[in-house]
Amino acid sequence: MLSKIIFLFITVLALTLTIQCSVALKMPTVSDAQTSGTSLDTLLKGRALYISNCGSCHSLYLPERFTASHWSRTVSDMKYRAKLDNEQASLILQYLTSYCKTEE
């Protein structure tokens, strides 16, 4: 019984953290799409995939925390672990790199 309570607590905690971080992630706008040269639909799909696929295993990082080259390597490395197809990985990468910090 105690193990079920602990499992439930950990599950609720993980979901709470994922939801809180997803709220902090920028919601794409038409202006963002125009600035990045990517469609609004692409950015919205990428955001949703990032939250549902990446956030299901670990905390999400804000896109602006890293550079485009960092995100490119990370998505490429994590694609297989997250069982993403090429299109899903591309959508996530487009979302992340639309808000990432500039290369240093």
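Throughout, residue positions are numbered sequentially from 1 according to the sequence presented.
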Exercise for the section: Establish, from distance only, whether the side-chain atoms of Thr29 and Ser31 form a donor-acceptor pair under 3.5 Å. Expected result: no
Practice task
List, by chain and then residue number, the residues other than Met78 in its hydrophobic cluster (Ile/Leu/Val/Met/Phe/Trp/Tyr, side-chain heavy atoms under 4.5 Å); write none if there are no others.
Solution key: none
Practice task
Mind checking side chain to side chain donor-acceptor pair (under 3.5 Å) for Ser90 and listing every partner two or more places apart, or none if nothing turns up?
Solution key: Gln94
Completion exercise
Closest heavy-atom pair, Tyr99 versus Pro28, reported as atoms and distance to 0.1 Å, is OH-CA, 3.2 Å
Problem - Sidechain-backbone polar pair: Gln88 side chain, Asp85 backbone, donor-acceptor under 3.5 Å - result: yes
Exercise for the section: Please name all residues satisfying salt bridge (Lys or Arg N to Asp or Glu O under 4.0 Å) with Lys45, sequence neighbours left out, ordered by chain then number. Expected result: Asp41
Handout entry: Spacing of CG belonging to Leu91 relative to CG belonging to Leu44, to within rounding of 0.5 Å
Key = 11.0 Å
Handout entry: Residue pair Tyr95 / Lys26: nearest heavy atoms and the distance that separates them
Key = OH-O, 3.0 Å
Practice task
Using the test side chain to side chain donor-acceptor pair (under 3.5 Å), find all partners of Thr74 that sit at least two apart in sequence or belong to another chain.
Solution key: His70
Handout entry: Distance in Å, Leu84 CG paired with Ile92 CD1, rounded so as to fall on 0.5 Å steps
Key = 4.5 Å
Exercise for the section: Check whether any side-chain heavy atom of Thr67 lies under 4.5 Å from a side-chain heavy atom of Cys100, and answer yes or no. Expected result: no
Practice task
Output the distance between atom CG (Leu49) and atom CG (Leu96), rounded to the nearest 0.5 Å.
Solution key: 10.5 Å
Fill in the blank from the handout: Taken in chain and number order and not counting sequence neighbours, the residues that satisfy side-chain contact (heavy atoms from CB on, under 4.5 Å) with Ser36 are Thr38, Leu43, Ser98
Exercise for the section: Check for a donor-acceptor pair, side chain of Arg47 on one end and backbone N or O of Leu25 on the other, with a separation under 3.5 Å. Expected result: yes
Exercise for the section: Anything under 30° is parallel, anything over 60° is perpendicular, the rest tilted; go ahead and classify Tyr61 against Trp71. Expected result: tilted
Handout entry: Beyond-backbone contact of Gln34 with Leu40, side-chain heavy atoms, under 4.5 angstrom
Key = no
Practice task
Mind checking side chain to side chain donor-acceptor pair (under 3.5 Å) for Tyr50 and listing every partner two or more places apart, or none if nothing turns up?
Solution key: none
